[in-house]
Undergrad: 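Sharing a structure with you now.
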Amino acid sequence: MADLPDVLTIDPLSSPPDASVRPPGSKSITNRALLCAALAPGTSTLTGALFADDTRAMLGAVAALGATVDADPAAATVTVTGVDPRLGTADATVDAQQSGTTSRFVLPAAALRPGRTVVDGSPQLRARPFGPVLAALRDAGAEVSPGDFLPATVRGPLPGGPVRVSGHISSQFLSGLLMAGPLMTGGLAVELTSALVSVPYVEMTRAVMAAFGVEVAGLTVAPGGYRATDYAIEPDASAASYFLGAAAVAGGRVTVRGLGTGSLQGDVAFADVLARMGATVTRSADSLTVSAGGALHGVDVDMADISDTAQTLAAVAVYADSPTRVRGIGFIRRKETDRVAAVVTELRRAGIDAVEDEDGFTIHPGRPRPTRFATYEDHRMAMSLSLLGLRSPGIEIADPGCVAKTYPDFFTDLARLS
Ligand SMILES: O=C(O)C1=C[C@@H](OP(=O)(O)O)[C@@H](O)[C@H](O)C1
Ligand SMILES: C=C(OP(=O)(O)O)C(=O)O
């Protein structure tokens with residue numbers, strides 16, 4: 001990662017972008033593939049992997065579970081030799097840093113180990129919810145420390161069987177349980193006790209598990225095991241939203257290479273939201289292009305399935321010709337920060353009429369004034385608000401280094417649009 005200053009000024013583009021970009025590997029796919037590979041006897045090679053704080057946290061986590069990892073960041077490749085966690089009797093600790101996926105995915109896998117595993121993370125992660133996955137692991141027969149937050153200690157064996165878990169806070173609890181499912185003695189049958197958010201991420205879990213030889217039928221996994229494989233990871237679709245958003249904001253064209261019609265990532269649907277606003281979207285087997293030139297119109301959209309792109313849309317909505325209402329995302333108040341409050345507060349700081357409600361926000365178009373944006377230790381605040389700087393002068397991003405969570409070279413890649 002390039003050295004970043006404490007505050008970064010974003011220079012407006014001198015002309016509309018006409019660019020082709022390939023963001024780094026998907027965080028979500030990398031962290032699933034790392035875990036499945038770590039649970040598979042034999043050696044798997046992952047290509048196109050993301051190297052960022054969240055995936056380094058998972059690399060550390062799978063090593064703590066006993067897997068052998070050999071990472072080559074320059075080649076975006078990781079070789080993983082898996083182990084059967086049910087043989088792991090030594091005590092272990094996992095530092096999940098700020099990573100929701102690492103922590104929520106590794107807890108069920110760690111609970112397969114007869115040794116004790118302590119899972120902890122940053123103060124930010126300690127404030128995020130863990131109650132549903134910890135309760136489900138207690139249901140499934142693991143020994144789990146009391147409480148609903150990190151640090152948490154888990155210990156197997158994990159008999160499995162029927163478990164109940166909520167879906168309305170995060171889909172990551174369900175994904176984590178499913179991935180440990182084949183190694184639970186009795187397999188796993190999950191019953192959701194509330195409506196699931198972020199649904200495409202559970203489809204992604206099924207797809208990655210299938211690539212490693214495990215089928216999920218509905219929410220049921222039979223006892224069995226993973227098979228080591230070589231696995232290619234697509235570029236990150238949430239990261240791509242900033243470049244597609246840039247095309248919309250600056251009235252140009254951006255192609256994202258590597259995100260084709262067969263993408264496993266729900267966030268590619270962000271392009272469809274831009275299409276509803278008036279942009280043109282073109283898809284091929286291995287790319288996604290957004291071009292914009294005319295007026296952008298506000299939309300009323302439920303983003304419960306693609307909530308990592310809600311802040312991107314908030315930035316784009318500033319330049320539309322009518323208000324944009326985003327619904328269905330109350331649960332993003334418990335991500336890296338309260339993202340609803342944070343994005344509304346920052347846009348208001350720039351003089352934009354932005355209004356929050358319990359379930360989302362409304363952005364009224366306007367002309368942002370020169371502003372130093374706070375970023376709340378949230379990579380997506382930094383990346384999305386930087387889009388305003390591509391069109392409006394005097395936009396500064398405080399603590400730009402927070403993008404290291406998922407996209408260390410984001411600002412270098414953004415500068416390539418000019
Ligand atoms: O499973 C995943 O890889 C993710 C699921 C989503 O979280 P929630 O299910 O908590 O909404 C998303 O916001 C996160 O960035 C990654
Ligand atoms: C919510 C996010 O991450 P996580 O939940 O994996 O920490 C994100 O990357 O926007």
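As the structure lists them, so they are numbered: ligands from 1, and atoms in each ligand from 1. This one's a predicted model, so the numbers in the text were calculated from it and none came from an experiment. Any value given below was found using the heavy atoms of this structure, including those in side chains, with hydrogens, waters and symmetry copies removed.
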Undergrad: Quick check on contacts: which atoms of ligand 2 are under 4.0 angstrom from a heavy atom of Lys405?
TA: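 Result: 3 (O), 4 (P), 7 (O).
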
Undergrad: What do we get for Ser170 next to ligand 2 when only non-hydrogen atoms under 4.0 Å count, side chain, backbone, both or neither?
TA: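 Neither part.
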
Undergrad: What about Tyr201: any of its N or O atoms under 3.5 Å from an N or O on ligand 1?
TA: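 Such a contact does not occur with ligand 1.
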
Undergrad: For atom CZ of Arg253, decide whether the heavy atoms of other residues, nucleotides or ligands shown that lie under 6.0 angstrom number more than 12.
TA: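 It does not: Arg253 CZ has 12 such atoms or fewer within range.
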
Undergrad: What I want to know is whether Ser171 and ligand 1 share at least one N or O pair that is separated by under 3.5 angstrom.
TA: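 Looking only at distances, the answer is yes, because the N/O contact criterion of under 3.5 Å is met.
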
Undergrad: Determine whether the side chain, the backbone, both or neither of Asp308 has a heavy atom under 4.0 Å from any heavy atom of ligand 2.
TA: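 Answer for Asp308: side chain.
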
Undergrad: Is the number of heavy atoms from other residues, nucleotides or ligands under 6.0 Å of Glu191 CD greater than 12?
TA: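 Yes - once you tally the heavy atoms of other residues, nucleotides and ligands closer than 6.0 Å, there are more than 12.
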
Undergrad: For atom 3 (O) of ligand 2, what's the nearest protein heavy atom and its distance?
TA: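 The answer is Lys27 NZ, 2.9 Å.
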
Undergrad: Quick check: does Lys27 get an N/O under 3.5 Å from an N/O on ligand 1?
TA: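 For ligand 1, there is an N or O atom that lies under 3.5 Å from one belonging to Lys27.
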
Undergrad: So which bit of Arg32 gets within less than 4.0 Å of ligand 1, heavy atoms only: side chain, backbone, both or neither?
TA: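 It is the side chain that gets close, since no backbone atom is under 4.0 Å.
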
Undergrad: Is the distance between the ring centroids of Tyr407 and Tyr242 under 6.0 Å?
TA: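 Judged by ring-centre distance (under 6.0 Å), Tyr242 and Tyr407 do not meet the cut-off.
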
Undergrad: With nothing but distance in play, are any N or O atoms of Asp308 less than 3.5 Å from an N or O of ligand 1?
TA: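 Checking ligand 1 against Asp308, an N or O pair does fall under 3.5 Å apart.
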
Undergrad: Below 3.5 Å, N or O to N or O, backbone or side chain included: is there any such pair between Ser28 and ligand 1?
TA: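 Yes; the residue has a nitrogen or oxygen that sits under 3.5 Å from a nitrogen or oxygen of the ligand.
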
Undergrad: Could you check which of Met58, Lys335, Glu336, Gln98 puts a non-hydrogen atom nearest to atom 2 (C) of ligand 2?
TA: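 Looking at heavy atoms only, the winner is Glu336.
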
Undergrad: Can you tell me the protein heavy atom closest to atom 10 (O) of ligand 2 and the distance?
TA: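 The closest one turns out to be Arg380 NE, 2.6 Å.
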
Undergrad: Counting non-hydrogen protein atoms only, what is the nearest one to atom 8 (P) of ligand 1? Give residue, atom name and distance.
TA: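 Answer, as residue, atom name and distance: Lys335 NZ, 3.1 Å.
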
Undergrad: Name the closest protein heavy atom to atom 5 (O) of ligand 2, giving the residue it belongs to and the distance to 0.1 Å.
TA: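 Protein heavy atom at minimum distance: Arg128 NH2, 2.7 Å.
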
Undergrad: Within the structure, does Ser307 bring an N/O atom to less than 3.5 angstrom of an N/O atom in ligand 1?
TA: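 By distance alone, the answer is no.
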
Undergrad: Distance under 4.0 Å to a non-hydrogen atom of Thr101: what atoms of ligand 2 satisfy this?
TA: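 Listed by number with element, the hits are 6 (O).
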
Undergrad: Within a distance under 4.0 Å of any heavy atom of His379, pick out the atoms of ligand 2 and give their elements.
TA: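 It comes down to these atoms of ligand 2: 8 (C), 9 (O), 10 (O).
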
Undergrad: Show which atoms of ligand 2 fall inside a sub-4.0 Å distance from at least one heavy-atom site of Gln172.
TA: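 Going through ligand 2 atom by atom, the ones under 4.0 Å from Gln172 are 4 (P), 5 (O), 6 (O).
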
Undergrad: With a cut-off of 4.0 Å, which atoms of ligand 2 are near a heavy atom of Gly100?
TA: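 Counting from 1, the qualifying ligand atoms are 4 (P), 5 (O), 6 (O), 7 (O).
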
